[in-house]
Amino acid sequence: MNRLYARLLAAYGPQGWWPAESPFEVMVGAILTQNTTWVQVIRAIDRLRDEALLAPTALLDLSVDALAERIRPAGYPNVKARRLQALCQWLVRSGGLPALAECATDTLRADLLAVHGVGPETADSILLYALARPVFVIDAYTRRILSRCGHIGGREPYETLRREVESNLRTADPVADYNELHALIVQHGKIACRPRPRCEACILRTDCAAAREDQRHG
DNA sequence: TGCCAGGGATTAG
DNA sequence: CTAATCCATGGC
């Protein structure tokens with residue numbers, strides 16, 4: 001796992017994630033980016049920022065329809081509007097970000113997973129990138145890359161993969177390195193490790209199963 | 001033009 | 001526990 005990290009870092013450089021201006025903006029982005037490209041999330045967030053709506057109470061004061069209209073570029077507007085408000089309600093009821101800083105990571109994780117619209121990846125993205133907790137984020141790219149490079153089978157449950165990475169990556173600073181590795185995996189996934197792999201652009205093709213398959217078929 | 005994106009809830013088996 | 005289906009927009 002450290003070798004993968006080193007190669008990705010050498011190839012792409014530090015990614016500087018999460019691309020947001022505040023912890024709350026990270027949380028909003030974590031919901032909006034579900035099954036959607038980041039450029040569309042930016043449009044939705046910019047719209048919220050332009051209207052000074054990037055605060056929990058501001059989003060809660062909007063009707064679902066009004067919020068949906070503003071986040072429409074990010075897709076699933078009706079679904080995500082409800083999810084954003086559910087997250088804001090949890091945030092307000094919890095006492096806000098300062099109160100969350102006092103909570104244990106396991107408690108926060110369970111709380112987040114109980115919020116409507118927050119699944120394992122969204123919860124872990126919030127824990128790592130908004131709350132600076134040492135939790136590795138598993139996403140579709142992580143599964144694909146680790147699978148093609150022979151680290152995993154690919155169908156393992158989310159928790160299995162998360163612990164697999166967390167226990168196999170040696171680090172003195174888990175928050176910083178989990179942050180960087182996940183960001184690098186997404187970057188590599190966008191460039192080369194796609195459903196239809198672009199092996200000519202893949203820096204990992206020497207140990208990638210998809211690249212070997214690609215070579216046999218010319 | 002069809003495939004895909006930094007998922008998750010719901011339902012059925 | 002796994003597998004389908006739905007949610008919607010925009011880039012390529």
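Chain naming here is simple, since letters A, B, ... match the order of the sequence lines and numbering starts at 1 in each.
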Planes under 30° and centres closer than 5.5 Å, is that true for A:Trp18 with the base of B:dG6?
-> no
Using centres under 5.5 Å plus planes under 30 degrees as the test, is A:Trp38 stacked with B:dA5?
->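 A stacking contact does not exist, since A:Trp38 is not both close and nearly parallel to the base ring of B:dA5.
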If you look at every strand shown and take non-hydrogen atoms under 4.0 Å, does [X] touch a base, only sugar-phosphate, or nothing?
X: A:Arg144; result: sugar-phosphate
X: A:Val186; result: base
X: A:Pro195; result: sugar-phosphate
X: A:Val118; result: sugar-phosphate
X: A:His182; result: nothing
X: A:Gly75; result: base

In this structure, how many angstroms lie between the [atom2] atom of [N] and the [atom1] atom of [X], rounded?
X: A:His116; N: B:dA9; atom1: NE2; atom2: P; result: 7 Å
X: A:Gln34; N: C:dT9; atom1: CD; atom2: P; result: 16 Å
X: A:Arg196; N: B:dA5; atom1: CZ; atom2: P; result: 11 Å
X: A:Gln187; N: B:dG6; atom1: CD; atom2: P; result: 10 Å
X: A:Arg83; N: C:dC6; atom1: CZ; atom2: C1'; result: 10 Å

Hits for salt bridge (Lys or Arg N to Asp or Glu O under 4.0 Å) against A:Arg133, two or more places apart or cross-chain, chain-then-number order -> none
Could you list all N or O pairs between the protein and nucleotides 10-12 of chain C that sit under 3.5 Å apart?
unit_1	atom_1	unit_2	atom_2	d
C:dG10	O4'	A:Gln40	OE1	2.3
C:dG11	OP1	A:Arg43	NH2	2.9

With side chains defined as the heavy atoms from C-beta onward, is the minimum distance between A:Trp90 and A:Leu112 less than 4.5 Å?
-> yes
Please state whether the phosphate of C:dA8, meaning OP1 or OP2, lies under 4.0 angstrom from any side-chain nitrogen or oxygen of A:Asn78.
->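 Looking at the OP1 and OP2 atoms of C:dA8, one of them is under 4.0 Å from a side-chain N or O of A:Asn78.
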Does the distance from a Lys or Arg side-chain N to an Asp or Glu carboxylate O, for A:Glu121 and A:Arg143, drop under 4.0 Å?
->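 Salt bridge: no.
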Between A:Arg49 and A:Glu21, is there a side-chain N and carboxylate O pair less than 4.0 Å apart?
-> yes
Side-chain donor or acceptor of A:Asp124 paired with backbone N/O of A:Val135 under 3.5 Å =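 A pair under 3.5 Å: no.
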Distance-only criterion, 3.5 Å: show the donor-acceptor pairs between side-chain atoms of residues 184-193 of chain A and protein atoms not counting sequence neighbours.
unit_1	atom_1	unit_2	atom_2	d
A:His188	ND1	A:Tyr12	OH	2.6

Picking from A:Leu53, A:Asp61, A:Leu48, A:Leu60, what satisfies side-chain contact (heavy atoms from CB on, under 4.5 Å) with A:Leu67?
->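 So, applying the side-chain contact (heavy atoms from CB on, under 4.5 Å) to A:Leu67 and each of A:Leu53, A:Asp61, A:Leu48, A:Leu60, only A:Leu48 qualifies.
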